[in-house]
*Asks:* 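Let me begin by handing over the structure; questions about it come next.
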There are 2 protein chains.
Amino acid sequence: MKIGVLAKQVGITVETIRYYESEGLLHPALRDPANNYRRYDHSHLERLIFIRRCRTLAMTHNEIKILLQARVEPDASCETINELIDEHIHHVQARMAELQILETQLIELRSQCRAAHTTRDCGILRELDHPIEESSEAQPEHSHVPGSQCRIERH
Amino acid sequence: MKIGVLAKQVGITVETIRYYESEGLLHPALRDPANNYRRYDHSHLERLIFIRRCRTLAMTHNEIKILLQARVEPDASCETINELIDEHIHHVQARMAELQILETQLIELRSQCRAAHTTRDCGILRELDHPIEESSEAQPEHSHVPGSQCRIERH
DNA sequence: TCTTGACCCTAAAGCAGCTTCAGGGTGTTT
DNA sequence: AAACACCCTGAAGCTGCTTTAGGGTCAAGA
Ligand SMILES: [Zn+2]
Ligand SMILES: [Zn+2]
Ligand SMILES: [Zn+2]
Ligand SMILES: [Zn+2]
């Protein structure tokens, strides 16, 4: 099948497929000698579905590569996989904890202004003007396995 | 004061300060005619503290710019500010909800493999091979105020 | 005085995971 | 033959910085 058909089957764009190929997630497709178009078969479809499933679970390309590697080594132990998923669950939980703290702080901030008035007297602006109070809790310096790092976005 | 002193006062790097200037968050500093070094005063310090406070609350540059604008218009209504904070709280809550769903799915996935065995028989890989089940809930197509968009990272 | 080290400057690239754009072929239909 | 859908590559854009490269400035010590 051509790239457009594959894209529709998986529910992604052709650009994303080409990007995955350039990233080494998807094996380069065979090319039609006549026009240089990429040709895909069922194994590509399956691999792409796997990749997308991992992406909707917010795994990074690095994490996915490790799983893909395990997938083609049927005789290896799946320890690695279990550990990777466990670690990734931690990534998600850690990010949620951060966001919960954020939410609390934001709601407190919001409570500083209940009636609408001029910005001169706005409690929100006033609170934002103060420096950040250190929570005095040292950052745990999370030790990631180098090569499968994931951060669940901390913009 | 010079940029290095300012950076230490605020607790960020000089590169970040220069970046904020290039982004239009911080007004360009006066330059020492002798050596072209940036010179800052107290108002820069206050503005930077404000910016950092907003950043630790995960606001985007766009959101911060709106607040900064309100800050220099003391006679305007603070309606805008309240709405922006409310919206931003929604950003955080929406992202948390996404992560909670993720966590549930990941824990379910993890439960597919309790004993270590070969990847051939790994329930995790098996489940990842299946296509994504649509939760059939149409995405709410959140209507953002154009110009203050924020996404709390959805990598 | 010369040199070392701390500090300052700019411009550009890198990170993650794509999306979008520019510029140009291919292939089928009307 | 023109229109339109589809394919190709390479590069830039997005976000919020960090890092690197390459090069001035300035104080103090040898
Ligand atoms: Zn992860
Ligand atoms: Zn207010
Ligand atoms: Zn927001
Ligand atoms: Zn297993």
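Lettering of chains follows the sequences in order, A, B, ..., and the numbering in each one begins at 1. These figures come from a predicted structure and were not determined experimentally. The figures here come from the full heavy-atom set of this structure, side chains too, leaving out hydrogens, waters and symmetry mates.
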*Asks:* Taking the side chain of A:T60 as its heavy atoms from C-beta onward, which of C:dG17, D:dC6, D:dC17 lies nearest to it?
*Replies:* C:dG17
*Asks:* Using whole Å, report how far CG of A:L26 lies from P of C:dC18.
*Replies:* 13 Å
*Asks:* Just the rounded figure in Å: distance from P of C:dC9 to CG of B:L6.
*Replies:* 11 Å
*Asks:* Identify whether A:I3 and A:L30 are in the same connected component of the hydrophobic contact network (ILVMFWY, side-chain heavy atoms under 4.5 Å).
*Replies:* no
*Asks:* Of the nucleotides C:dC8, C:dT19, D:dC7, which one has an atom closest to the side chain of B:R18?
*Replies:* C:dC8
*Asks:* Is any side-chain nitrogen or oxygen of A:Y20 closer than 4.0 Å to OP1 or OP2 of C:dC18?
*Replies:* yes
*Asks:* In whole angstrom, give the distance that lies between atom CG of A:N36 and atom C1' of D:dG10.
*Replies:* 14 Å
*Asks:* Please report the shortest heavy-atom distance between B:C113 and A:N82, naming the atom on each side.
*Replies:* SG-OD1, 3.2 Å
*Asks:* Ring centroids only, cut at 6.0 angstrom: are B:Y20 and B:H61 within range, meaning strictly under it?
*Replies:* yes
*Asks:* Remember a base hit wins even if backbone is also touched, and classify B:R38 as base, sugar-phosphate or nothing at under 4.0 Å, heavy atoms.
*Replies:* sugar-phosphate
*Asks:* Distance check needed: D:dC17 C1' versus B:I17 CD1, whole Å only.
*Replies:* 13 Å
*Asks:* Do any side-chain nitrogens or oxygens of B:R55 fall under 4.0 Å of OP1 or OP2 in D:dC17?
*Replies:* yes
*Asks:* Start at the 5' end of DNA chain C and walk down; is the nucleotide closest to B:E21 or to A:K2 reached first?
*Replies:* B:E21
*Asks:* Rounded to whole Å, please give me the gap between CD in A:E23 and C1' in C:dT19.
*Replies:* 14 Å
*Asks:* Are the side chains of B:R71 and A:T119 in touch, meaning some heavy atoms are under 4.5 Å apart?
*Replies:* no
*Asks:* Please check if any side-chain donor atom of B:H27 sits under 3.5 Å from a side-chain acceptor atom of B:E21, or the reverse.
*Replies:* no
*Asks:* Nearest heavy-atom pair of B:Y40 and B:L6: which atoms, and what distance?
*Replies:* CG-CD2, 3.5 Å
*Asks:* Is the NZ or CZ atom of B:R31 both under 6.0 Å from the centre of the six-membered ring of B:Y37 and within 45° of that ring's axis?
*Replies:* no
*Asks:* Tell me whether the side-chain N/O atoms of A:R39 come closer than 4.0 Å to OP1 or OP2 in D:dC7.
*Replies:* no
*Asks:* Considering just the side-chain nitrogens and oxygens of A:T16, establish if one lies under 4.0 Å of OP1 or OP2 belonging to C:dT19.
*Replies:* yes
*Asks:* Please report the distance, rounded to the nearest Å, between CD1 in B:I3 and P in D:dT25.
*Replies:* 17 Å
*Asks:* Verify whether one side chain among A:T60 and A:N62 offers a donor that lies under 3.5 Å from an acceptor in the other.
*Replies:* no
*Asks:* Using a heavy-atom cut-off of 4.0 Å across all strands, would you classify A:R31 as base, sugar-phosphate, or nothing?
*Replies:* sugar-phosphate
*Asks:* Using the 3.5 Å cut-off, write out each protein N or O paired with an N or O of nucleotides 20-25 of chain C and the distance between them.
*Replies:*
| residue | atom | partner | partner atom | Å |
| --- | --- | --- | --- | --- |
| C:dG25 | N2 | A:Y37 | OH | 3.2 |

*Asks:* To the nearest angstrom, how far is B:D32 atom CG from C:dC8 atom P?
*Replies:* 12 Å
*Asks:* Closer to the 5' end of DNA chain D via nearest nucleotide, is it B:Y19 or A:Y40?
*Replies:* A:Y40
*Asks:* State, to 0.1 Å, how close B:L109 and B:I124 come at their nearest heavy-atom pair, and which atoms those are.
*Replies:* O-CG1, 3.4 Å
*Asks:* May I ask you to verify if any side-chain N or O of A:N35 is less than 4.0 angstrom from the OP1 or OP2 atom of C:dG27?
*Replies:* yes
*Asks:* Write down the atom of A:M59, the atom of A:L67, and the distance for their closest heavy-atom approach.
*Replies:* SD-CD1, 3.6 Å
*Asks:* Rounded to 10°, tell me the angle between the two end axes of the helix from C:dT1-D:dA30 to C:dT30-D:dA1, each built from five pairs.
*Replies:* 40°
*Asks:* Grab the NE2-P distance between A:H61 and C:dG14 for me, whole Å please.
*Replies:* 18 Å
